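Small disclaimer: the values here were computed from a predicted structure and weren't measured.
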Amino acid sequence: MIKTKHPLRLTPVGLVVIPIGVASLMTGALMLAVSFSDHLAIGSPAALMISAILIYAATLFFLGRSGIVTIRGLDQRAHRDMLTGLPNRHALHEDILNASRGDEEVALAMIDLDSFKQVNDHYGHAVGDQLIAQCADLLREVCGDEVTCYRLGGDEFAAVMHGKVAGTILEGICRTLLERLGSPMPLGHRQIAVGASIGLARSTADLRVPSSEMLRRADVAMDMSKRGGKMRCTWFNESFDRRRERVREIEDEIRTGIAAGEFHLAYQPLVGAESKRIVAVEALLRWDRGNRAALGPNIFIPVAEDSGLINPLGMWVLRQAVCDASRWDDITLSVNISAAQLRNAEFPIKLGEVLEETGFPPHRLELEVTETCLVLDPIVAERTLGVIRSFGVRIALDDFGTGYASIGFLRRFRFEKLKLDRSLVELAGVDDGSRAMMLSSIALARALDMGVTAEGVETEEQAELVRLAGCDQIQGWLYYKALPAAEIDRLMAEQNHRLASSAGHGHKRGHGDEQAA
């Protein structure tokens, strides 16, 4: 076997020590030659001494010059981002420290690109790097000479300014940056849309804040910008820390609650628009917190999503719901799934396992998703929903009328059902524009072969309106609130008894008619 010879690689220390060692050996040899010059005829002692000194001096000169260049290069690497050429996180801390020595205000903006992960996933990291470099150029252009820009890593940038009204000026610059990012960025033959969420923090002469704390505060504020809908600037507020601490507490309580069995399900029946009989139930998660303050799903579900706890919690909901619904004849079971579950590649696999283990008929299961779940990453969502449909499970679009859905959006995902949001139903009874929107939504669903359910129906007038408009199913307090599984057992037994009685009476009337004939 032929072994490949690798080139000799020296460390920075080796690059200095080895040449000095060689020069020292050469100089030593010359010095020995001088000492033996009386016995050997190899030249005059003075000439040899001068040669040795010149060689050693030249070696030290070139080593010194090379060392300075190397040190400058290492210093540049330590303070510069290699992809964009912008100063890096280390430089940012030093600059904030230097700016804080005076009595001027120091303002910091943390800029995080929105949806950058999708760009990497869809186009590859090479395109992602090009986009980062182009965003860096845009940041330089917008900030100009009065603001220093940095790349902190990944898709995170920062900007620092100091002066009397640094915070006000920096906020204005950030808003200009968001306006520029509002348009797709040309990248070769592509037009890539990428926004940003920005968090701002400041340090003043009266209240100096270390650079690490400024960075943390700006990061917290940036996270609030993302939660608030992205493409916005948010200044750090002390209440954000209290909120984050409360979120951590809720996260710990959810973990404990799952282990202690504190979560349970309630089911809200849906009735047929014409028959008014129960045709489906929607599983709703409830948390029995004992003596602690009550928390609704609108509070603890987002915390579970952010922490990843939605995955075990969501699978428990699914398994428990199909076990309960297996007792309720042929009615449909609706279960809500979150954006985090859709992004989890293991979710369809786990769903298939639950259906196989429980024997629950897939055609009786309906998973409800919101528009937000789908627009966050439509390609991943489309792929996941395709796998779920292959099991025979149906997909419903929940809260329709409150988000971004367009005709193209509906045609792309081909839902089996639209659920009209309660706000649209409420306004349709008092506002002509909302009524027209509701009617057009139902007509669109019909054209795309989708069923339609009206949510939040609370009055007979609303029920009559959605019935005449063409809704198939009605859900709301007018008919039923969310009930424990045992109550659904009772309702289904009563409904089945009534249906059996009606069928029996019909059979008797038919038999009597035959005798009369």
Inset, instruction - Output, in order, the C-alpha distance, side-chain angles, deciding distance and verdict of salt bridge (Lys or Arg N to Asp or Glu O under 4.0 Å) for R175 and E171. - result: CA-CA 6 Å; R175 296 193 183 282; E171 181 181 357; 2.8 Å; yes
Inset, instruction - Go through the steps to decide whether Y480 and V271 satisfy the test side chain to side chain contact (heavy atoms under 4.5 Å, CB included), and finish with yes or no. - result: CA-CA 9 Å; Y480 299 100; V271 301; 3.7 Å; yes
Legend entry - Test log, rule side chain to side chain contact (heavy atoms under 4.5 Å, CB included), inputs V387 and F347: CA-CA 10 Å; V387 176; F347 175 72; over 6 Å; no
Inset, instruction - Applying side chain to side chain contact (heavy atoms under 4.5 Å, CB included), run through L410 and L397 and close with a yes or a no. - result: CA-CA 9 Å; L410 296 179; L397 180 62; 3.7 Å; yes
Legend entry - Pair T332-R394, side chain to side chain contact (heavy atoms under 4.5 Å, CB included): steps then yes or no: CA-CA 10 Å; T332 299; R394 297 187 295 173; 3.1 Å; yes
Inset, instruction - Go through R467 and D472 one step at a time and tell me if the salt bridge (Lys or Arg N to Asp or Glu O under 4.0 Å) criterion holds. - result: CA-CA 7 Å; R467 189 178 295 116; D472 305 294; over 6 Å; no
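Considering SG of C471 and CD1 of I442, their distance stands at 3.5 Å, rounded to 0.5 Å. Once rounded to the nearest 0.5 Å, the distance linking CD of Q473 with CD of E274 reads 12.5 Å. Taking CD1 of I488 as the start and CG of L265 as the end, the distance is 11.5 Å to the nearest 0.5 Å. Distance check, rounded to the nearest 0.5 Å: CD of Q495 to CZ of R498 gives 6.0 Å. Taken from CZ in F415 to CZ in F400, the straight-line distance is 9.5 Å, to the nearest 0.5 Å. Taking CE of M214 as the start and CZ of R202 as the end, the distance is 9.0 Å to the nearest 0.5 Å.
Comment: R242 does not engage E238 in a salt bridge, judged by the lack of any side-chain N to carboxylate O separation of less than 4.0 angstrom. R248 has no carboxylate O lying under 4.0 Å from a charged side-chain N of D252, or vice versa, which leaves the two without a salt bridge. The pair E262-R289 does not meet the salt-bridge criterion, since no charged nitrogen lies less than 4.0 angstrom from a carboxylate oxygen. A salt bridge links E253 and R246; the closest N-O separation between the charged side-chain nitrogens and carboxylate oxygens is under 4.0 Å. Ion pair R319/D324 not flagged as a salt bridge, since none of the NZ, NE, NH1 or NH2 atoms sits closer than 4.0 Å to an Asp/Glu carboxylate oxygen. Between K417 and D398 there is no salt bridge, since no side-chain nitrogen of the basic residue lies less than 4.0 Å from a carboxylate oxygen of the acidic one. Salt bridge D399/K419: absent, no basic N to carboxylate O contact under 4.0 Å. Between K230 and D112, none of the side-chain N atoms (NZ, or NE/NH1/NH2) sits under 4.0 Å from a carboxylate O, so this pair counts as no salt bridge.
Within the 4.5 Å cutoff, the side chain of Q268 has no heavy atoms near those of the L483 side chain. At least one side-chain heavy atom of L318 sits less than 4.5 Å from a side-chain heavy atom of L367. Within the 4.5 Å cutoff, the side chain of P484 has no heavy atoms near those of the H264 side chain. Side-chain contact check for L333 versus F360: some heavy-atom pair is nearer than 4.5 Å. Two residues are said to be in side-chain contact when any heavy atoms from C-beta on lie closer than 4.5 Å; V393 and H363 fail this criterion. Using a 4.5 Å heavy-atom threshold, the side chains of L152 and M110 count as touching. In this structure, the side chains of D114 and V194 stay at 4.5 Å or more apart for every pair of heavy atoms. With a 4.5 Å cut-off on side-chain heavy atoms, M222 and I198 do not count as touching.
Side chain of S434 to main chain of D431: no donor-acceptor pair is present (N/O by atom type, distance under 3.5 Å, no hydrogens or angles). In this structure a side-chain-to-backbone donor-acceptor pair under 3.5 Å is present from Q341 to S338. The backbone N or O of R151 lies less than 3.5 Å from no partner atom in the side chain of E156, so there is not a single donor-acceptor pair. Between the side chain of R190 and the main chain of P186, no donor-acceptor pair closer than 3.5 Å is present. Although no hydrogens or angles enter the test, the distance criterion places no donor-acceptor pair under 3.5 Å between the side chain of D223 and the main chain of D219. Of the possible donor and acceptor atoms, one in the side chain of E416 sits under 3.5 Å from a partner among the backbone N and O of I395. With hydrogens and angles ignored, the 3.5 Å screen pairs a side-chain donor or acceptor of T384 with a backbone N or O of L342. For T176 (side chain) and G172 (main-chain N/O), a donor-acceptor pair under 3.5 Å exists by modelled atom type. Between the side chain of D288 and the backbone N or O of G290 there is at least one donor-acceptor pair closer than 3.5 Å. For the pair R490 (side chain) and E494 (backbone), a donor-acceptor distance under 3.5 Å is absent.
Other residues, nucleotides and ligands contribute more than 12 heavy atoms inside 6.0 Å of the CZ atom of R446. Other residues, nucleotides and ligands contribute over 12 non-hydrogen atoms within 6.0 Å of the CG atom of N298. In the displayed structure, M437 atom CE is contacted under 6.0 Å by at most 12 heavy atoms of other residues, nucleotides or ligands. Residue E357 places its CD atom among more than 12 non-hydrogen atoms of other residues, nucleotides or ligands, all under 6.0 Å distant. Annotation: E356, atom CD; neighbour count of heavy atoms from other residues, nucleotides and ligands within 6.0 Å does not exceed 12. The 12-atom threshold is not exceeded at NZ of K350, counting heavy atoms of other residues, nucleotides or ligands nearer than 6.0 Å.
Between L113 and C135, the shortest heavy-atom contact is CD1-SG, 3.9 Å. Smallest separation of non-hydrogen atoms from C174 and L200: SG-CD2, 4.1 Å. Pairing each heavy atom of T84 with each of A133, the nearest pair is CG2-CA, 4.2 Å. Across G195 and M231, no two heavy atoms sit closer than the pair CA-SD, 3.3 Å. Shown here for L170 and A109, the closest heavy-atom pair between the two residues is CD2-N, 3.7 Å. Scanning all heavy atoms of the two residues, the minimum distance from M315 to L351 falls at CE-N, 4.1 Å.
Side-chain N/O atoms of S326 and R364 include no donor and acceptor closer than 3.5 Å. Side-chain polar atoms of S197 and S225 form no donor-acceptor pair below 3.5 angstrom. For the residue pair S334 / E366, a side-chain donor-acceptor distance below 3.5 Å is found, with atom types taken as modelled.
Aromatic pair F300/W287: centroids less than 6.0 angstrom apart.
Remark: of the listed residues Q475, E458, E455, Q462, E458 is the sole one forming a side-chain hydrogen bond (donor to acceptor under 3.5 Å, both in side chains) with R422.
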